[in-house]
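Here the structure is laid out as structure tokens; the discussion comes afterwards.
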Amino acid sequence: MEGNASGAVPADVRETIDRLVRERQAVILSHYYCKPEIHEVAHFVGDSLGLSQEAARNPAKVIIFCGVHFMAETASILCPEKTVVLANAEAGCPMADMITPDALAKRKSELNGVPILTYVNSPAAVKALSDICCTSANVVAVLRSLAPKTILMTPDKNLAIHAQKFTPEKEILTWPGFCPTHHRLNLAEIMALKEAHPEAEVLAHPECQPKILREAHFIGSTSGIIKRVAESPKTEFIVLTEEGVLHPMRKQNPGKVFHEPSTRMICPNMKKNTLQDVITALETLDPVIKVPEDIRVPALRAVDRMMAVPRD
Ligand code: 13P
Ligand code: SF4
């Protein structure tokens, strides 16, 4: 049933999913990093911010989440009345695991009231200890919305270093978290790719290391990168983020050419979500991701403050 670059979905599988979606009155949400065939059965494919907004706005009572654990948690924080099912229970995010509420509480106690800005790639209990959240799509706008000069940004140090460039008036303290998938990129390889394709526009996600971002012409969230490809006058691109973005890019821009690093950019957790998982999730409504109220209420404050900041 699984795994093809075109995203083709067998007719019987599509029928089963459509029938179960009707019976459950469900909506299927997918992050761009999921497999092409998951995009094809999803009702909405987006970046982290877009998925949170869609979870909140969609009238369906059941959300089948194809993504990683923290994303389903964010949906549960925003819509406690909905049943949020993570299609694959094993899909976590190693970056989110690089911070714990205990470690953050300890740092917070040393920082004397410095506000805490937490990337959504984090556990709900960490969001609950934070003042505001951000995604890669709104990080600069969120930082500018905060009055204090000094801010602790968790857990992604690369996103923090990137955002600092656009907010010289701030002093951003970092947390030593990172995305193992984006960290794999090798500078020598990127330089060689640029030399081989001098006309190509280099697109990168801010989870990449600073030395990689310095080589990029455009830096943005997954949906920002996809939009840039459609709007750019260029016809050739070097894509420095998880390769799931290539499926919508190729569909939307049949005349454009995409080069990838030979170090393949695959998030193994996003790729755990399969068509069979979607069917099983719709049949069993399990595993439900439900954030307990004592964590959800303070986490919602941080997420709501982020949602109130207009998107860049
Ligand atoms: P965005 O969806 O915000 O671009 O983030 C990418 C990511 O790594 C999600 O885990
Ligand atoms: Fe986490 Fe990186 Fe995968 Fe995003 S791409 S879910 S940050 S491991």
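Along the sequence shown, residues are numbered consecutively beginning with 1. Predicted model only: the values in this text are computed from it and were never measured. Order of listing sets the numbers, starting from 1, for every ligand and every atom in it.
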> Between Leu51 and Phe44, is a side chain to side chain contact (heavy atoms under 4.5 Å, CB included) present by the stated rule, with each step listed?
Replying inline: CA-CA 8 Å; Leu51 288 167; Phe44 180 87; 3.8 Å; yes

> For ligand 2, which atoms, with element, lie under 4.0 Å from some heavy atom of Glu207?
Replying inline: 2 (Fe), 7 (S)

> In terms of ring plane angle, is the pair Tyr32 and His39 parallel, tilted or perpendicular, where the classes change at 30° and 60°?
Replying inline: perpendicular

>> Polar contacts were defined as any N/O atom of the residue lying under 3.5 Å from an N/O atom of the ligand; does this apply to His182 and ligand 1?
In response: no

> Is there a donor-acceptor pair closer than 3.5 Å between any side-chain N or O of Glu207 and the backbone N or O of Cys179?
Replying inline: no

> Side chain or backbone of Thr241 under 4.0 Å from ligand 1, or both, or neither, by non-hydrogen atoms?
Replying inline: neither

> Is ligand 1 under 4.0 Å from a heavy atom in the side chain of Met95, in the backbone, in both, or in neither?
Replying inline: neither

> Of the backbone atoms (N, CA, C, O) and the side-chain heavy atoms from C-beta on, which set of Tyr32 has a member under 4.0 Å from an atom of ligand 1: side chain, backbone, both, or neither?
Replying inline: neither

>> Is there a polar contact, in the sense of an N or O pair closer than 3.5 Å, between Asn121 and ligand 1?
In response: yes

> What do we get for His31 next to ligand 1 when only non-hydrogen atoms under 4.0 Å count, side chain, backbone, both or neither?
Replying inline: side chain

> Which atoms of ligand 1 are found less than 4.0 Å from any heavy atom of Tyr33?
Replying inline: 6 (C), 7 (C), 8 (O)

> Do Ser48 and ligand 1 have an N or O pair less than 3.5 Å apart?
Replying inline: yes

>> Closer than 2.8 Å to atom 3 (Fe) of ligand 2: how many protein N, O or S atoms are there?
In response: 1

> So is Glu207 polar-close to ligand 1, meaning N/O to N/O under 3.5 Å?
Replying inline: yes

